[in-house]
Amino acid sequence: MSDLTHTQPFALRAESASEFASRAPDHVELMRELGVRPRPGWTSRLPPGLASFVTNGKGMAGVVILLVLVLMSAFAPLLSDYNPNRRAGKPHVQPGYEHVLGTTRLGKDVFTQLVYGGRVSLGVGLGAGAFAAVIGLALGISAGYFGGRVDDIITFFVNVVLVLPGLPLIIVIATMVEAASPMVIGLVLALTGWGWSARTIRTQTLSLRTREFVTSAELLGERKWRIILVEIFPNMLSFFVGGLVLGTIAAILAEAALEFIGLGDPNAVTWGTMLFWAQNNLALQSGAWWEVWPPCIAIMLTGAALVLINFAVDEITNPQLKASRKIGRIKRFLTRRGRGADVF
Amino acid sequence: MIFLARRLVFYFAAFVLAITFNFLIPRLMPGSPSDRIIASFQGRLSESQVAAIRRSYGFDGNLWEQYITYVQSVFRLDFGISTVQFPEPTAALLFYGAQWTLVLVGLAIFLAFFIGSFMGIHAAWNRGGFFDSFFTPINVMMNAFTPAIVALLLFYAFSLQLKWFPLGRAHDPNLMQNWFDLKFVGSVLYHATLPVLSILLVSFGGWHLGMRNVMINLLNEDFVVLARAKGLSENRIKYRYVARNAILPQITSLALSIGFMLGGALVVEQVFNYPGLGKFTFTAIGARDYSFIQGQLLLLTCSVLVANLVSDIANVMLDPRLRGR
């Protein structure tokens, strides 16, 4: 009910100045109502970009989820005594004390396969994502900075890579390589997945090239590669990270999809091949849900974590997107105080 | 017109590159398809039989002659003979599968684009509100749930457990294929519901986020302030002023996303046992039917190129600034 009194315009009420002053919210109260939190002191020692990432709730949630998955995979031998490739019990044992997530149709321990599979799936995904991001960065900066003929040729290839359908192309290559190992799949994914980051980085470089600090470095007679590395690259860092995150998502999902449809090496233990065997052995039809859901959930969690990180990177590179989040709070604040919120 | 002409030249170059790539992949890899067949006979073939097999797969003569033969056969829509369904020409199988994939991808793209774009418009217009802060992250996160997993979930819940939807096929096998029969169309839609839903659920988040971010950047432009000052209605500003400008980059990425959607459809068809290109490709992979696998890449590449051309034309029609160039 107290909200109702606030919706009255101040001027309509007769009151003394002291009454008004005593009711006026102080600084701390205002900050709480607007949801502004002071940054913890220790972040002031970090570089500004990193500090805004560390204080970003979504980004840190993503980092924590990803870290848990990575650590579980890294310490797989400590978490499980079974061998992921060997029979560990009877076929299709329900989850229980002996087998935390049950066993597959072939009697392999699902939890063991999950943590060992994470090593390959996450490793190949991160590796392919990083490789693709580096290719995109190198080509994007070269095209944007050198311009002219170099730009024309690179832009042509970027457009071709963007236009060609990725998965069908990878299917053709993977079929020609008999039972493609996770490494081969990762390499193919990296070589076909750099289009988007090259395009964004080229656009950014084009707008940076004419800035004063680049011109002054050129007039000072700096060498070209030094200008690219020292002057331009630091400004590309957020786009590079964005490309890395998106590339990793794409690589992890594509690897899982390829192995799921049976193009991978069926003897490798990855999240994709776990799904392939589950589908092949009709696990769902025979009611063995524990063979299917763990790799599904692991892939979904990885994707969600990376998306959260990408959200944070997006908000830092484009402050308008972050400001838009605060506008809701400001609008509600103003409405509560009887001010019109139409200014936005 | 010059703009469109330049795009046309680019698409033609990309097409030639795709054909060349398709031609080179099996020839650069160790063990060509014909060599594998010859090897499977373990030396029980005569010289002339070996030569005949090589010729039927286009592996005789030097590389340049092979290339010319290959390009000619592509333009004659002759993709060779299928080894899975032996005497059938690959092209017939390709086009049969493609029609069902087209049903899936067409419906999914159409629905995803409209639902996603409208959600994005709504989120950007009421940015910071409940809808924006709740649905934007959720929708984008769904984007990272690969179609394979969503398909498995839906298949388990609605086909296996609840038995609301069929376990496979594109239509009721008792009905003849007749696109003018409402009963047949209904059966097709019924069978396509879950596969379309699996592609739809993972793709509309992308349109939501794209539309929202472009809209938010446009909302601070001078022309929006002017439109407000003129006293135009909110809906007019929202749809005719801001959304119309924000939709242009969306149309370009719509065309580019078709390749991604097709990839998703290949996997989804596998789960739902849907007789599209993906299902046939899967069988072809198992049987190492190279002519089919290469044919599907070529067909998909062509459809993506055509889609891009259509989006360029749409962009020219929607964006007057491009017409002069």
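Numbered from 1 within each chain, the chains take letters A, B, ... in sequence-line order. This is a predicted model, so every value here is computed, not measured.
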Taking side chain as everything from C-beta outward and backbone as N, CA, C, O, which of these in Asn159(A) sits under 4.5 Å from a heavy atom of chain B? Side chain, backbone, both or neither. both
Among Asn220(B), Asn143(B), Leu219(B), Ile258(B), which residue has the highest count of heavy-atom pairs closer than 4.5 Å to chain A? Asn220(B)
Does the side chain of Val292(A) reach to within under 4.5 Å of the side chain of Tyr156(B), using non-hydrogen atoms? no
Tell me, for Val271(B) versus chain A, whether the close heavy atoms (under 4.5 Å) come from the side chain, the backbone, both or neither. both
Taking the side chain as everything from C-beta on, heavy atoms only, tell me whether Leu152(B) gets closer than 4.5 Å to Phe260(A). yes
With a 4.5 Å limit on heavy-atom distance, are the side chains of Val163(A) and Phe15(B) in contact? no
So what's closer than 4.5 Å to chain B heavy atoms on Trp196(A): side chain, backbone, both or neither? side chain
Closest approach of Phe156(A) to Leu17(B) (non-hydrogen atoms, all atoms of both residues): CE2-CD2, 4.4 Å
If you round to the nearest 0.5 Å, how far is OG of Ser253(B) from CG of Leu162(A)? 11.0 Å
Taking atom CE of Met300(A) and atom CE of Met141(B), what is their separation to the nearest 0.5 Å? 11.0 Å
Side chain, backbone, both or neither: which part of Asn217(B) has a heavy atom under 4.5 Å from chain A? both
Taking side chain as C-beta onward, heavy atoms only, is Val160(A) less than 4.5 Å from Phe21(B)? no
When the 4.5 angstrom heavy-atom criterion is applied to Leu308(A) and chain B, the contacting part is side chain
So do Leu153(B) and Cys296(A) actually touch side chain to side chain, heavy atoms under 4.5 Å? no
Examine whether an atom of Leu306(A) lies under 4.5 Å from a heavy atom of chain B, and if so say whether it belongs to the side chain, the backbone or both; otherwise answer neither. neither
Which portion of Asn213(B) sits near chain A, non-hydrogen atoms under 4.5 angstrom: both
When every non-hydrogen atom of Gln279(A) is compared with those of Gln270(B), the smallest separation belongs to NE2-O, 3.9 Å
As an exercise: rank Pro295(A), Gly195(A), Ala304(A) by heavy-atom pairs under 4.5 Å with chain B and give me the winner. Ala304(A)
For Thr281(B), is it the side chain, the backbone, both or neither that has a heavy atom under 4.5 Å from a heavy atom of chain A? side chain
Give, for atom CG of Leu253(A) and atom CD1 of Ile149(B), the distance between the pair rounded to the nearest 0.5 Å. 7.5 Å
